[in-house]
Amino acid sequence: MHIVVDLNRCQGYAQCAFLAPGVFTMHGEESLLYTPVAPEDQRARVRRAVAACPVQAILVGEEAGAGAR
Amino acid sequence: MLGEPRDGRIVVVGASLAGLRAAETLRAEGFTGSLTLIGEETHPPYDRPPLSKQVLLGKVPADRTGLPQRRRLDADWKLGVRAGGLDPVGKRVLLDDGADVPFDRLLIATGTRARPWPHPDEAAMDGVFTLRTSGDAAALAARLAAGPRRVLVVGAGFTGSEIASACRERGLDVTVAERGPAPLVGALGGTLGELAAKLQRAHGVDLRCGVTVTALEGDGRLTGAQFSDGTRIDADIAVIALGAVRNTEWLAESGLAAGPRGVTCDAGCRAFDMYGIVTDDIFAAGDVARFPHPLFEYQLLSLEHWGNAVAQAEVAAHNMISTGPRRRPHLTVPAFWSSQFGLNIKSVGVPTFSDQVVIAQGSLKDARLVAVYGYRGRVTAAVSVNQARSLEYYRHLIETAAPFPPAPGAADQRESPVPVPSDVPDPKLLSHGPTVALTGHLPDRRLTVVQPAR
């Protein structure tokens with residue numbers, strides 16, 4: 001499960017960091033750091049974080065171009 | 001829709017963020033023809049912003065920043081092969097491996113590369129790095145993890161400053177050499193540059209401004225550097241962060257308006273040829289594109305911004321499969337972010353398009369503020385430091401060409417209500433022009449209103 005966050009849109013509400021702390025963490029007061037490739041066991045938590053983001057800044061999906069290597 | 005060019009062959013040169021988002025948009029809007037993506041790197045599209053942050057901090061491996069795709073692309077990926085030329089008459093992309101790829105419509109999204117250190121012998125030494133690709137980030141992160149004695153960062157723009165921040169967070173000694181008077185001054189001007197300088201020093205960076213690096217020393221392996229003020233330091237790693245070079249060389253013989261400043265295109269992302277005539281079938285998007293923006297007096301802008309790559313790619317893709325009045329302009333307000341030294345810096349508009357700046361909310365002392373930039377009496381940009389939620393309001397002021405300085409809001413007391421010169425580089429490039437407001441709500445109704453200058 002690959003993740004990208006539109007950090008122009010992100011406003012540091014930190015809902016994702018509460019719901020999936022293994023993937024999203026706050027760095028300083030309002031900067032978000034995240035793991036772009038989430039472990040499989042985090043899938044359900046990441047889905048909840050995506051849904052809860054007040055500004056809908058998180059995009060998840062399969063890896064782009066997978067199999068193109 | 002009848003008559004819309006929804007089939008045929010579309011080739012996208014550049015398989016990074018802009019190329020990927022364009023490909024997704026093409027499919028999302030009903031393109032059913034053949035789609036080919038050509039990428040010089042062997043990796044599928046990956047996200048670059050984490051490379052100078054999570055990756056250098058050792059939290060994420062460099063080869064694990066692959067971008068998610070929003071939909072199945074049904075595309076032919078040609079990765080690890082460089083486009084070496086373009087035949088606009090025969091409508092073929094010429095690949096370095098000798099093959100050529102015919103197209104009906106082409107998107108140029110070749111982006112930029114790191115500007116190398118100008119002395120090739122010094123640049124080739126062990127310990128000298130640039131940071132642009134995931135391979136660069138992997139190599140640098142490994143060396144930072146090994147605990148160098150001192151890291152030299154050459155250039156204190158956003159990338160250089162983020163590298164320095166990551167080094168300090170890892171407890172590494174770091175020297176930053178910046179030719180200008182302060183870090184970030186080229187992008188944000190003097191007021192926030194001073195704040196950045198204070199922050200870097202407060203975090204233990206050996207920051208040297210107003211100096212250049214005159215030599216990288218070493219015998220095959222970096223040992224130190226000399227500065228233009230006559231001083232020198234020992235360092236076993238140097239990261240060259242002197243900005244980016246646009247990847248346009250492959251277009252030299254193409255007849256397009258392509259050069260060191262990018263590929264010039266119209267507001268609908270259609271590339272110009274060298275006579276200034278717009279092409280019908282060649283488009284450009286992302287860092288490599290250079291386009292006019294009415295909010296900034298139709299100056300040709302090239303933006304090395306993540307958000308611009310996404311927005312411009314979507315417009316380019318839409319226009320590649322739309323005709324006449326259904327085509328859209330690329331009119332989004334530029335925006336970017338940076339995370340460094342514990343601060344979240346976000347920008348909307350074009351701060352360098354300014355003559356004055358005012359701290360509209362918060363204060364420099366608390367390093368929590370919104371700086372608003374104006375040009376000839378209207379708001380053209382705003383930059384927040386740890387105050388991101390205020391920025392949307394200022395984006396609206398920029399879009400509507402609101403008067404500068406902005407009226408005091410209900411939010412915080414201003415530190416200094418008096419605008420001061422913004423001290424951005426090259427003010428002589430600014431020109432007199434009309435006042436422009438973006439209007440409309442749906443993307444295809446996003447229009448401009450141009451009024452004569454006051």
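Quick note on labels: first sequence line is chain A, next is B, and so on, each numbered from 1.
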- Which answer fits B:Asn386, side chain, backbone, both or neither, if we ask what part of it has an atom under 4.5 Å from a heavy atom of chain A? both

- Message: Please rank B:Trp337, B:Phe341, B:Trp77 by heavy-atom pairs under 4.5 Å with chain A and give me the top one.
- Response: B:Trp337

- Closest non-hydrogen atom pair, A:His27 against B:Glu169: CE1-OE2, 2.6 Å

- Who wins among A:Val55, A:Leu59, A:Thr35 for the most heavy-atom pairs under 4.5 Å with chain B? A:Leu59

- Message: I need the contact set between residues 36-54 of chain A and chain B: heavy-atom distance under 4.5 Å, sorted by residue number.
- Response: A:Pro36, A:Val37

- Side-chain donor/acceptor of A:Glu30 to backbone N/O of B:Gln387, under 3.5 Å: yes

- Below 4.5 Å, heavy atoms only, C-beta onward: do A:Asp6 and B:Trp306 meet side chain to side chain? yes

- Query: What part of A:Leu33 lies closer than 4.5 angstrom to a heavy atom of chain B: side chain, backbone, both or neither?
  - Reply: both

- Message: With a 4.5 angstrom heavy-atom cut-off, is it the side chain or the backbone of B:Leu391 that approaches chain A, or both, or neither?
- Response: neither

- Query: For the residue pair A:Val4 and B:Leu67, what are the closest heavy atoms and their distance?
  - Reply: CG2-CD2, 3.8 Å

- Query: Quick check: does any side chain N or O of B:Gln69 sit under 3.5 Å from a backbone N or O of A:Glu62, one acting as donor and the other as acceptor?
  - Reply: no

- Note on the structure: With sequence neighbours left out, the residues meeting side-chain hydrogen bond (donor to acceptor under 3.5 Å, both in side chains) with B:Ser338 are B:Glu162, B:Gln340

- In terms of heavy-atom proximity below 4.5 Å to chain A, should B:Arg21 be classed as side chain, backbone, both, or neither? side chain

